[in-house]
Amino acid sequence: MSGNEVEMMKARLPAPAQERLQSLRLADGRATVVLDSSGLAAGEREVLEESVREALSRESGISDVRVAMTAEREGQGARRKRIIAVGSGKGGVGKSTVSANLAVALARAGHKVGLVDADIYGPSQARLLGTEGQRPVARDKKLIPVESRWGVSVLSMAHLAEPGQAIAWRGPMAGNALVQMLEGDWTGVDVLIVDLPPGTGDIQLTMLQRFKPDGAVIVSTPQDLALLDATRAIALFDKGGVPVIGLVENMAGYVCPHCGETSDPFGIGGAQAAAEERGCPFLGRIPLDISIRRESDEGVPPAAGDGPRAPAFAAIAAGVTAWMNAP
Ligand SMILES: Nc1ncnc2c1ncn2[C@@H]1O[C@H](COP(=O)(O)OP(=O)(O)OP(=O)(O)O)[C@@H](O)[C@H]1O
């Protein structure tokens, strides 16, 4: 079989199989396909195997399809890194705040967590995680992420650009920086959170195609759901074939800085119902609380401490963990 034919056969495979393809050979009418099955539950492996059989058995010249799955090598650090994108339909809804705190809460729950700040023109993760002024070094042409005090390693444009300078890079340079960050040395990390830029434009879609996340978390405010911005974000991930893990409702209810009582100008439960109507599970709600903004500005994520907001972030992290562990 010529190299060209092999490439054509590869192109016939469904996208999830292409991503996991380790080798494809054809000899005497028999196609032998080897796929990386790490991180997949038994049922998912069967579905993947069946989809490969179905795609290739339709090809002329192939009479037999053999699919082999490489087993996960336990104890050898071969656990597959999960990429979880955090997106929103529009800016300013607290997507970066939720990304940072979700990352910290996951790390507190025992995960090895990395965070990529994909918001090239408005990076905020260095501030949120208190890593401003730190510069990543490169080893073997790979960026080594910066370590925060919260058990989360991070790469952001804020670590790459000169401090205090506006980032006025053109598209390709910005795209390059994003690729370098995503292809950084994330060895040992089992969850990589990607804080996407706000909105649902081409950059987001291109990024989703090139570094296809395993799942996505949508952040919205209660009003957004009514205004359908969050729905657009859900549609973006659907279009990219990325499962939506769930929705986080941020700035839901207002915590009075004087008495600590929470009031709910938009009512409770509307966002959850609206999300579920759109087939999007609900992960939890975070109130509008001045202490979240203050601590975030100081580089101390509320999820890292024992304050009143930490449990809400821990609950969201637990929802994400349950999704990752689901068979
Ligand atoms: N639940 C909250 N309570 C109080 N302040 C919050 C809350 N969530 C976010 N903020 C504040 O709102 C502002 C915007 O948050 P953030 O930068 O996380 O939003 P974003 O959606 O990532 O915005 P951008 O579109 O600029 O990337 C910040 O000052 C942040 O501290």
In terms of hydrophobic clustering (I, L, V, M, F, W, Y; side-chain heavy atoms under 4.5 Å; direct or indirect links), are Val93 and Ile290 co-clustered?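 Not linked; separate clusters.
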In this structure, would Leu196 and Leu128 fall into the same cluster of hydrophobic residues linked by side-chain contacts under 4.5 Å?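 No, because Leu196 and Leu128 fall into different hydrophobic clusters, even though each may have its own neighbours under 4.5 Å.
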If you group Ile, Leu, Val, Met, Phe, Trp and Tyr whenever their side-chain heavy atoms sit less than 4.5 Å apart, what else falls in with Val137? Ile144
Show me the pairs that pass salt bridge (charged side-chain N to carboxylate O under 4.0 Å, His left out) and involve residues 120-132, at least two apart or across chains. Arg127-Asp297
Sequence neighbours excluded, which residues qualify as salt bridge (charged side-chain N to carboxylate O under 4.0 Å, His left out) partners of [X]?
X: Glu54; result: Arg58
X: Asp64; result: Arg30, Arg66
X: Glu295; result: none
X: Lys142; result: none

Under the side chain to side chain contact (heavy atoms under 4.5 Å, CB included) test, residues paired with Leu182 that sit two or more places apart: Val116, Leu178, Leu192, Val194, Met207, Phe211
Counterpart residues, side chain to side chain contact (heavy atoms under 4.5 Å, CB included), relative to Lys239 (two or more places apart):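 With sequence neighbours excluded, Lys239 shows a side chain to side chain contact (heavy atoms under 4.5 Å, CB included) to Leu205, given in chain and number order.
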Quick one: does Arg108's side chain have a donor or acceptor within less than 3.5 Å of a partner on Gly305's backbone? yes
Those residues that, when tested against [X], pass side chain to side chain donor-acceptor pair (under 3.5 Å) (two or more places apart):
X: Arg309; result: Asp289
X: Arg294; result: none
X: Asn250; result: none
X: Ser124; result: Ser96

Where do Ile120 and Ala177 come nearest, in terms of heavy atoms and distance?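 So the minimum-distance heavy-atom pair works out to CD1-CB, 4.4 Å.
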